[in-house]
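Written below as structure tokens is the structure these notes are about.
The basis for the numbers below is simple: all heavy atoms, side chains too, and nothing from hydrogens, waters or symmetry mates. Each ligand, and each atom within it, is numbered from 1 in the order the structure gives.
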Amino acid sequence: MLSVVIPLYNEEDNVAPLCEEIAQALSGHNYEIVLVDDKSSDQTLSRIPVQPHIRVIKFSKNTGQSGAMYSGIQAAHGDVLILMDGDRQNDPADIPKLLARLEQGFDLVCGYRASRKDTLSKRLTSRFANAIRSRFTRDGVRDTGCTLKVMRRECREALLPFNGMHRFIPALIKGMGFRITELPVHHRPRVAGVSKYGFGNRALRATTDMFAVRWLLSRQIQIKILPE
Ligand code: UDP
Ligand code: MG
């Protein structure tokens with residue numbers, strides 16, 4: 001079974017069309033969609049389609065993208081988890097390609113945005129941040145800012161609930177010894193709703209987190225037990 005995990009904060013015009021696109025991309029698969037509403041103040045909750053395979057987790061206060069993602073990942077029932085944003089910038093049509101790559105012997109397949117559809121300032125700061133982060137944490141992926149990822153359920157053992165964690169998913173999972181790789185994916189402009197981040201609230205925090213994650217990785221325990 002597949003679980004698609006999506007954090008939502010004020011995505012009222014995106015949530016229904018996104019669920020529809022996922023249904024098309026995953027037709028023939030056994031799947032659930034776990035939507036985590038991060039206490040939206042718009043109509044996001046009431047716009048979520050009522051369908052048996054759609055589950056909703058409702059936060060009582062706005063907690064942030066990392067908390068919403070972490071909670072959805074913990075609640076997922078699938079053997080394979082698909083992570084994506086709720087703003088429709090990720091394209092569900094890429095999911096089958098990522099799943100096929102996972103089957104070739106990986107535990108986590110990270111999408112990277114081959115052609116970004118964001119403002120110039122966002123593209124530049126993101127490129128800079130990705131380069132530094134990747135060098136610092138040795139996660140080996142070029143675009144951790146791309147939420148679209150496919151992972152085996154076991155990988156969630158590596159994740160920790162802290163603000164900013166969503167940027168270090170590959171670093172934490174790779175650090176535990178899982179096999180990770182990356183593939184190019186589509187990226188689309190945000191057509192509805194607004195980005196929740198600006199330069200100020202991203203750059204500084206992400207930099208301090210980077211030092212913390214590097215320290216954590218240097219102390220991380222990889223348990224390897226011999227077969228009986
Ligand atoms: N998000 C969230 N809580 C927040 C901020 C964002 O759940 O406090 C969600 C948001 O709805 C979206 C994803 O996290 O699904 C990424 O946010 P956004 O698109 O604003 O980030 P960007 O694409 O600009 O990096
Ligand atoms: Mg976005």
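Residue, atom and distance of the protein heavy atom nearest to atom 2 (C) of ligand 1 are Tyr9 CB, 3.4 Å. In terms of protein heavy-atom proximity, atom 19 (O) of ligand 1 is nearest to Asp87 OD2, 2.7 Å. Scanning the protein for heavy atoms near atom 7 (O) of ligand 1, the closest one is Pro7 CB, 3.4 Å. Of all protein heavy atoms, the one lying nearest to atom 25 (O) of ligand 1 is Arg202 NH1, 3.0 Å.
At a threshold of 4.5 Å between non-hydrogen side-chain atoms, the residues His187 and Cys146 do not count as touching. Residues Thr181 and Arg179 form no side-chain contact, since every pair of their non-hydrogen atoms from C-beta on lies 4.5 Å or further apart. Side-chain contact between Arg167 and Val213 is absent, with no heavy atoms from C-beta onward closer than 4.5 Å. For the pair Leu26/Tyr31, a side-chain contact is recorded, criterion being any heavy-atom separation below 4.5 Å from C-beta on.
Nearest to atom 24 (O) of ligand 1 by heavy-atom distance, out of Lys39, His187, Lys122, Arg190, is Lys122. Counting heavy atoms only, Glu11 comes closest to atom 10 (C) of ligand 1 of the residues Gln65, Glu11, Met69.
Looking at Asn62 against ligand 1, only its side chain comes within 4.0 Å, counting heavy atoms.
When each of Lys196, Arg88, Arg47 is checked for a salt bridge (charged side-chain N to carboxylate O under 4.0 Å, His left out) with Glu11, only Lys196 meets the rule.
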Give the C-alpha distance, both sets of side-chain angles, the deciding distance and a yes or no for ring-ring contact (aromatic ring centres under 6.0 Å, His included) between Tyr70 and Phe162.
CA-CA 9 Å; Tyr70 185 84; Phe162 66 91; 9.4 Å; no
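Judged by distance alone, the side chain of Asp91 and the main-chain N or O of Ala93 form a donor-acceptor pair under 3.5 Å. Not one N or O on the side chain of Ser3 forms a donor-acceptor pair closer than 3.5 Å with the backbone of Met1.
Each of the following atoms of ligand 1 lies closer than 4.0 Å to a heavy atom of Gln89: 23 (O). For ligand 1, the atoms sitting less than 4.0 Å from at least one non-hydrogen atom of Lys196 are 5 (C), 6 (C), 20 (O), numbered in the order shown with element in parentheses. Atoms of ligand 1 lying under 4.0 Å from any heavy atom of Asp85, numbered from 1 in the order shown and given with element: 13 (C), 15 (O), 16 (C). Applying the 4.0 Å criterion to heavy atoms of Asp38 picks out, from ligand 1, the atoms 2 (C), 3 (N), 4 (C), 7 (O), 8 (O).
For residue Ser195, no N/O/S atom approaches the Mg ion (ligand 2) to within less than 2.8 Å.
Considering backbone and side-chain N/O of Gly86, one or more are found under 3.5 Å from N/O of ligand 1.
We find that Asp107 and Arg152 are joined by a salt bridge, their nearest charged nitrogen and carboxylate oxygen being less than 4.0 Å apart.
Among heteroatoms of the N, O or S kind in Asp87, OD2 lies nearest the Mg ion (ligand 2).
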